[in-house]
Number of protein chains: 2
Amino acid sequence: MESVGTQGSAAGEPGTYAHDVLAVVLRITGVVPSVLLWQRAREPHAGRWSLPGGRLGADEDVEASVRRHLAEKVDLAEVAHVEQLGVYSDPHRGPAPRRVATAFLGLVPTDADPAVPGDTAWHRVDALPTTAFDHGAITRDGVDRLRAKLSYTNIGFALAPAEFTVSELRDLYAAALGHRVSATNLQRVLTRRGVLVPTGETAAPGPAGGRPAAVFRFSEHVLRVTDPFAALRPPGEPG
Amino acid sequence: MESVGTQGSAAGEPGTYAHDVLAVVLRITGVVPSVLLWQRAREPHAGRWSLPGGRLGADEDVEASVRRHLAEKVDLAEVAHVEQLGVYSDPHRGPAPRRVATAFLGLVPTDADPAVPGDTAWHRVDALPTTAFDHGAITRDGVDRLRAKLSYTNIGFALAPAEFTVSELRDLYAAALGHRVSATNLQRVLTRRGVLVPTGETAAPGPAGGRPAAVFRFSEHVLRVTDPFAALRPPGEPG
DNA sequence: ACTGGTTTTCGCCTCGTGGTCGAAAACGTG
DNA sequence: CACGTTTTCGACCACGAGGCGAAAACCAGT
């Protein structure tokens with residue numbers, strides 16, 4: 001009873017499709033996140049800005065593939081975190097021949113300012129240019145994912161520099177989340193969850209003076225869920 | 001600079017791959033969830049149990065495709081919820097030719113007992129048979145997803161019958177989560193979030209007597225996140 | 001009827017978490 | 001040394017959730 005596609009892709013066997021990988025690479029720049037885009041040289045959509053990526057190769061899974069393609073646009077060592085976003089497979093998401101894409105979210109810390117090729121640039125997510133295909137919607141999905149994970153994981157490690165003050169981290173979170181964040185609360189929440197540890201050092205005050213700020217760093221640099229979500233935990237376990 | 005796969009798939013154009021869709025269809029049976037599996041008739045892996053699914057067709061996106069294939073194994077009207085799980089693309093996840101798969105999670109309420117074809121059956125997830133390809137791991141991912149969403153969404157609507165008592169719902173949650181659940185707490189949490197509403201009726205007591213239980217139903221039958229995750233909300237908004 | 005067993009329901013308590021506010025600490029400058 | 005600035009910390013409050021036990025509402029026997 002296995003039915004197969006009757007028309008198939010344009011150039012290959014019926015039921016096979018070109019598979020792309022894409023990455024929404026975000027970096028906090030000033031007061032909003034920015035996404036890494038490059039300007040397509042060829043048709044279709046020549047001249048339009050699009051997400052970095054390319055074809056899935058024969059001997060790699062999608063994550064290896066997106067890392068390979070990403071390495072052509074940024075220094076991979078500066079991408080602190082990569083995770084799968086989802087599959088985009090609308091038959092009309094682009095001109096024929098049909099392409100199926102697996103999208104990823106990548107995060108770059110603010111202290112890394114990767115050199116990028118001439119066709120590539122960072123674009124503020126609140127002022128995206130016209131993008132190729134559905135890359136604008138995918139970018140929005142990536143930003144949403146980041147915002148959600150900021151509140152229940154330690155994903156901030158992938159956005160923050162190696163060492164930072166609470167005020168700097170507050171500005172980072174505020175930019176990523178799109179609303180004001182209380183430094184008091186941020187520090188308490190993150191330290192209680194054990195993701196923030198003080199280095200013992202203090203940073204020099206700004207030009208206007210003020211109490212010198214304590215320097216912190218993230219305790220781990222791998223993603224971990226820190227908020228065992230609120231409800232319906234197993235009995236007898238601490239919140 | 002666009003590099004393409006040099007070997008390509010076995011039968012098609014270089015850089016194109018057969019794309020499958022799969023579904024982890026879960027249903028709470030007794031004290032544990034069960035997953036819908038069917039026994040492969042053909043090679044590769046003939047005789048092995050595998051997840052329902054099939055090839056992505058030419059004029060459908062992955063979600064439409066998985067619904068189409070699912071309709072061959074169960075009555076689609078009884079699948080109360082479908083969501084994307086992720087992409088499985090390890091080049092060696094099965095014998096050549098290579099296949100890329102998008103997996104979905106599907107949920108069937110306990111009061112629907114769909115008739116299934118002769119090659120298809122429900123299997124307890126705590127005693128899975130040897131499965132084809134990586135379908136065992138995908139099933140575990142599906143169960144994990146369900147467990148996570150039970151605590152911060154109203155996804156129970158897709159597992160529960162149309163009407164039920166709190167005790168029945170408690171058993172359902174306990175089976176899905178794999179640990180005991182307090183009926184008191186479950187009712188309070190779900191009613192406070194507005195996902196549980198009383199019908200006003202009461203159910204007949206069991207053979208051993210006891211106070212008749214109030215009958216409830218889910219207020220909505222579409223997925224909604226009910227727990228605005230704990231930390232770092234915008235200022236001035238209610239918890 | 002009354003008693004005992006059973007199941008459900010509800011109220012009360014505690015605890016942990018997060019939001020808010022204001023005071024105190026620690027710096028610069030005039 | 002007073003003043004502005006920035007950071008830090010403690011106090012307070014609200015709320016959500018887990019735990020527990022009493023009360024409610026039923027059945028079966030005596």
Side-chain angles (χ1 to χ4, degrees), chain A residues 150-153 163-174 177 179-216 225-239, chain B residues 150-153 163-174 177 179-216 225-239:
Chain A
L150 276 174
S151 46
Y152 66 95
T153 71
E163 302 198 334
F164 48 85
T165 68
V166 173
S167 299
E168 290 164 356
L169 193 64
R170 164 176 52 78
D171 294 341
L172 211 67
Y173 270 68
L177 290 171
H179 61 74
R180 277 175 294 115
V181 173
S182 151
T184 298
N185 205 30
L186 183 67
Q187 178 182 7
R188 187 183 28 198
V189 167
L190 294 186
T191 51
R192 180 153 45 199
R193 294 179 181 174
V195 324
L196 223 55
V197 294
T199 67
E201 326 235 323
T202 63
R211 176 171 174 170
V215 176
F216 291 83
V225 174
T226 60
D227 185 7
F229 300 17
L232 308 175
R233 281 185 289 270
E237 300 207 352
Chain B
L150 276 174
S151 44
Y152 67 94
T153 71
E163 302 198 334
F164 48 85
T165 68
V166 173
S167 299
E168 290 164 355
L169 193 65
R170 164 177 51 78
D171 294 341
L172 212 66
Y173 271 68
L177 291 171
H179 61 75
R180 276 174 295 116
V181 172
S182 150
T184 298
N185 206 32
L186 182 67
Q187 178 183 8
R188 188 181 26 200
V189 167
L190 295 186
T191 50
R192 179 153 44 200
R193 295 180 181 173
V195 325
L196 224 55
V197 293
T199 66
E201 325 236 322
T202 63
R211 176 171 173 169
V215 176
F216 292 82
V225 174
T226 60
D227 185 6
F229 299 13
L232 308 175
R233 281 184 290 270
E237 299 208 353

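Throughout, a chain's letter reflects where its sequence line sits, starting with A, and its residues are numbered from 1. Excluded from the calculations below are hydrogen atoms, water molecules and symmetry mates; all remaining heavy atoms, backbone and side chain alike, are included. Keep in mind that this is a model prediction, so the values were computed, not measured.
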Colleague: To the side chain of A:R170, which of C:dT8, D:dT7, D:dC26 is closest?
Modeller: D:dT7
Colleague: For residues B:A183 and B:V166, report the shortest heavy-atom separation together with the two atoms involved.
Modeller: O-CG1, 3.7 Å
Colleague: Can you name the salt bridge (charged side-chain N to carboxylate O under 4.0 Å, His left out) partners of B:R193, sequence neighbours left out?
Modeller: B:D227
Colleague: With the threshold set at under 4.0 Å for non-hydrogen atoms, list the residues of residues 186-197 of chain B touching DNA chain C in residue-number order.
Modeller: B:Q187, B:R188
Colleague: Which atom pair, heavy atoms only, marks the closest approach of A:A203 to A:V215?
Modeller: N-CG2, 3.7 Å
Colleague: How would you label the contact of B:A214 with the nucleic acid (heavy atoms, under 4.0 Å): base, sugar-phosphate, or nothing?
Modeller: sugar-phosphate
Colleague: Tell me the interatomic distance from B:Y173, atom OH, to D:dA17, atom C1', rounded to whole angstroms.
Modeller: 15 Å
Colleague: Expressed as a whole number of angstroms, how long is the span from A:R180:CZ to C:dC21:P?
Modeller: 10 Å
Colleague: Is B:S182 close enough to D:dG19 that one of its side-chain N or O atoms is under 4.0 Å from OP1 or OP2 there?
Modeller: no
Colleague: Check the distance between D:dT7's P and A:R211's CZ and give it to me in whole angstrom.
Modeller: 11 Å
Colleague: How about B:Y173 and B:L186: do any of their side-chain heavy atoms sit closer than 4.5 Å?
Modeller: yes
Colleague: Quickly work out the B:E201 CD to D:dC26 P distance and round it to whole Å.
Modeller: 15 Å
Colleague: With no hydrogens and no angle check, is any side-chain donor or acceptor of B:T153 less than 3.5 Å from a backbone partner on B:L150?
Modeller: no
Colleague: Let me know the distance between CZ of B:F216 and C1' of C:dC10, rounded to the nearest Å.
Modeller: 12 Å
Colleague: Grab the two heavy atoms, one from A:E163 and one from A:E168, that are nearest each other, plus how far apart they are.
Modeller: O-OE1, 4.5 Å
Colleague: Take the protein atom CG of A:D227 and the nucleotide atom P of C:dT17, then report the distance between them rounded to whole Å.
Modeller: 9 Å
Colleague: Select base, sugar-phosphate, or nothing to describe what A:T184 touches, counting heavy atoms under 4.0 Å on all strands.
Modeller: base
Colleague: Do you know which two heavy atoms are closest between A:T199 and A:F216, and how far apart they sit?
Modeller: CG2-C, 4.0 Å
Colleague: Give the rounded distance in Å between these two atoms: NE2 of A:H179 and P of C:dG18.
Modeller: 14 Å
